[in-house]
Amino acid sequence: MAVAFRNVTKVFPDGTVALDGFNLDFETGEFVVLLGPSGSGKTTACRILAGLEPATSGRIEVGGRDITDLPPRERGMSMVFQNYALYAHKSVYDNIAYPLRVRGVPKQRIEGRVRDTARLLQIDELMGRRPGQLSGGQAQRVAVARALVWQPEICLMDEPLSNLDAILRLQTRTELKRLHAELKTTFVFVTHDQEEAMTLGNRIAVLKDGRLVQFDTPREIYHRPASRFVAEFIGRPAMNIIEGSVAGGVFRAEGLDLAVPDRSDGTAALGIRPEHILLHRSPRDGMQPFHLDVKELVEPDILLFLSSGPLSLVVRSKADLANLDDGAEVYLELPRDRLHFFDAETGLRRP
Ligand code: ATP
């Protein structure tokens, strides 16, 4: 069953345009991640989908049915908020049981469902505690349990891991993936952390300025970014971008002449990921020498910050380069099948 945003625009009363003709289609059962910089409209999209915020224009559809005006209660969706929003005066048990009670589930069935869900999230020992007596990670699990206990069709999660420390974040990520595989509930997960998005989503929707700029698998987003923005947003260190121009099958920038077959002439931005540049100690055809400015160890790899005149590039290598000293001369090979070209004006990927 398809879930769709159709040309959704959201203008807040102060004139802020949070979503600007936003379109997105996905299938139930997917793990969809909404990724984008702060202020790109991710939370707003989530809240509109859940019915917590009205759209200014456009429609939300589920299975072809227009649910734009349906109250949140009737949408079959639950939401996990960044601050968890647990009821402070209720026990963990009562927090988890709450959505079942308000839906009129018979008492004898509530207990079983709460216990099953708590077991799934490994919080069955905490049932008698109040939210104030929980660690951040435990509170997060309780919030997820409360969102899943009534078996909603879609579970929306707005940056649910951002209050957790790094190790717990990693663990919880893995658990969310496991939960998704087990429950087959549709997950819509908001984050501005590209690494989190890449590991969690089976598809990632990248937002910028209230618009969808790419919706694809993590692999496609990484290897075929639709624009320079996506290319630079995904991957650390960021993709190298060299501005120059193509003429007669050669890309030229200061310090670089590169044969690039089948390219139309004109200004362009060339991109290559740090791990795709090959290093050589002896001269290569057409490439000027680069000098090593700084090297950083990010075990098991090494990052080399190189420059040649005005051109600076980062290379990520697996080679043992411990004996390469600052100032050393190296030659680079930019494999053709690893190059990306973006329109100099629009930033869009050139075929
Ligand atoms: P973040 O990662 O920082 O949470 P986001 O991508 O989730 O950002 P939104 O919270 O959806 O972005 O906000 C999108 C834009 O709408 C921002 O410019 C934000 O300041 C604005 N905005 C959000 N809520 C309101 C509001 N109630 N009134 C006015 N502007 C708002």
Side-chain angles (χ1 to χ4, degrees), residues 3-26 30-60 67-69 71-72 75 77-86 136 139-140 143-144 147 154-166 169 172-173 176 186-201 203-216 218 221 225-236 238 347:
V3 180
F5 289 78
R6 300 246 182 265
N7 211 15
V8 173
T9 290
K10 174 69 186 183
V11 185
F12 283 105
D14 67 356
T16 305
V17 181
L19 290 179
D20 184 10
F22 181 69
N23 286 297
L24 179 68
D25 264 85
F26 56 91
E30 284 198 61
F31 198 139
V32 174
V33 174
L34 305 184
L35 173 71
S38 182
S40 54
K42 308 176 297 288
T43 296
T44 305
C46 236
R47 291 177 58 84
I48 289 177
L49 181 57
L52 301 174
E53 193 80 65
T56 309
S57 61
R59 296 191 315 280
I60 301 290
I67 63 154
T68 316
D69 298 320
R75 293 191 181 205
M77 300 181 200
S78 64
M79 190 150 169
V80 180
F81 298 91
Q82 187 174 353
N83 60 4
Y84 313 141
L86 297 174
Q140 197 267 351
V144 172
I154 303 181
C155 182
L156 309 167
M157 304 189 183
D158 190 359
E159 306 240 9
L161 309 185
S162 56
N163 293 334
L164 307 181
D165 68 45
R169 250 182 116 115
T172 314
R173 245 197 233 167
L176 280 178
T186 312
F187 281 6
V188 178
F189 186 99
V190 169
T191 183
H192 60 265
D193 180 333
Q194 49 106 21
E195 194 186 306
E196 204 162 275
M198 294 293 280
T199 50
L200 277 175
R203 284 203 286 173
I204 302 174
V206 186
L207 279 77
K208 180 177 185 265
D209 302 332
R211 290 169 166 271
L212 180 72
V213 289
Q214 187 165 6
F215 184 41
D216 249 317
I221 295 232
S227 68
R228 178 173 170 172
F229 169 78
V230 178
E232 291 185 284
F233 193 68
I234 306 277
R236 292 289 172 274

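Here the structure is a predicted model, which means the values were calculated and not measured. Count residues from 1 along the sequence. As the structure lists them, so they are numbered: ligands from 1, and atoms in each ligand from 1.
- Considering backbone and side-chain atoms together, G41 places an N or O closer than 3.5 Å to an N or O of ligand 1.
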Test side-chain contact (heavy atoms from CB on, under 4.5 Å) applied to V17 and V11, step by step: CA-CA 4 Å; V17 181; V11 185; 4.3 Å; yes
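- Note: an N/O pair closer than 3.5 Å links G39 and ligand 1 by distance alone.
- Any N or O atom pair closer than 3.5 Å counts here, and H192 shares no such pair with ligand 1.
- Closest approach of F22 to A45, counting heavy atoms only: CE2-CB, 4.2 Å.
- For the pairing with E195, the salt bridge (charged side-chain N to carboxylate O under 4.0 Å, His left out) check across R173, R236, R169 returns one residue only, R173.
- The contact set between ligand 1 and E159, taken as ligand atoms under 4.0 Å from a residue heavy atom, comprises 2 (O).
- The atoms of ligand 1 that sit less than 4.0 Å from any heavy atom of P37 are 6 (O).
- Selection from L19, T16, T44 by nearest heavy atom to atom 13 (O) of ligand 1 gives T44.
- Judged by the shortest distance from any of its heavy atoms, S40 lies inside the 4.0 Å radius around the atoms of ligand 1.
- Listed by number with element, the atoms of ligand 1 under 4.0 Å from a non-hydrogen atom of S38 are 1 (P), 2 (O), 3 (O), 8 (O).
- S78 places a side-chain N or O within donor-acceptor distance of the main-chain N or O of A147, the cut-off being under 3.5 Å.
- What you find for I204 and A197 is that their closest heavy atoms are CD1-O, 3.5 Å.
- Below 30°, between 30° and 60°, or above 60°: for F189 and F31 the angle between ring planes is between 30° and 60°, a tilted geometry.
- Ligand 1 has no atom lying under 4.0 Å from any heavy atom of Q82.
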